[in-house]
Amino acid sequence: MPVITTKKELEQHLASLPKNQSLGLVPTMGALHKGHAALVEKAVAENDTVVVSIFVNPTQFDNKEDLEKYPNTLEQDVVLLEGISKNIIVFAPTADDIYNNRIQSKVYDFEGLDKVMEGAFRDDHFNGVGTIVEYLLLLIKPDKAYFGEKDFQQLQIVKNLIVANNISVTVIGCPIVRETSGLAMSSRNERLSKDMRKEAAFIYKTLLTAKEKFGTESANYVRDWTEKQFENHSDLKLEYFEITDVDTLTPVKTKKTALKYRAFIAVYTEGVRLIDNIALN
Ligand code: PAF
């Protein structure tokens, strides 16, 4: 399996592929788990060749410690990908190769999608995501690009970026993959203690009950109810719980039957941020 580390080499490799073949892209930051594997498997099923990028993008981290602690498991990642298909190209560049010694993000207008939830809690995070995703799409020119719904806000922002910048690619959102306990799969789960990894299943359990309650109660009621659940669970510090409409990510005040809603949550524990979300209707 080719593991390519410079954009020049990648361009050469892509140019050597047979014409008229479809190309998929799965952008990742490595430390691959079953959630990534599901994205790659879907991409492999739908494309002749798939590029999996593995790049811990510095411009999307507002917290230096989080960036420094982000796991780097390239060798294991390659083994996992080899087990999925031979038609995968790994692109694992350095920050200098991508940013030409100027590690800075572009500034985007995401029409407010970046002002709530993750955007409100992580300064400039989505400008960093936009910068690297736009870069990869323009470099690789895939027919389809795959993103997990665990980062649902990111998925909506990527869709917005593609339309605003006229990039020709189909963006495919893929369902959240969960551990047996219900905890959403994340590379950051590895940093939790064994006990906390079990206890963190409470996040998804609470989302499921919130969904049930949203069927009959108002959004405000469900918000208050959820906040109370975490007051009784002081090991898991609730950063936000928000119910928004799916398209604009605007927090809902009064439910409208025509709209689709989703609940979003971020919890901080043992120095790790965990996020999750669930479709409500
Ligand atoms: O979701 C991620 O892992 C990252 O935000 C992405 C899309 C690979 C950009 O660095």
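Just follow the structure's listing: the first ligand is 1, and inside any ligand the first atom is 1.
The distance from ligand 1 to the heavy atoms of Gln154 drops below 4.0 Å at these ligand atoms: 1 (O), 2 (C), 4 (C), 5 (O), 7 (C). Short contacts between ligand 1 and Pro27, defined as distances under 4.0 Å to a heavy atom of the residue, involve ligand atoms 8 (C). Residue-ligand proximity, Thr28 to ligand 1, at heavy-atom distances under 4.0 Å covers atoms 8 (C). Within ligand 1, counting atoms from 1 as listed, the ones closer than 4.0 Å to a heavy atom of Ile132 are 9 (C), 10 (O).
The aromatic rings of Tyr108 and Phe110 lie parallel to each other, with less than 30° between the two planes, well short of the 60° mark.
Checked against the 6.0 Å centroid criterion, the rings of Tyr261 and Phe214 qualify as a close aromatic pair. In this structure, Phe61 has its ring center closer than 6.0 angstrom to the ring center of Tyr70.
Remark: Arg102 does not engage Asp96 in a salt bridge, criterion side-chain N to carboxylate O under 4.0 Å.
Side-chain atoms of Asp66 never come within 3.5 Å of backbone atoms of Gly271 as a donor-acceptor pair (strictly under, hydrogens ignored).
In this comparison of Met29, Gln60, His36, the heavy atom closest to atom 9 (C) of ligand 1 sits on Gln60.
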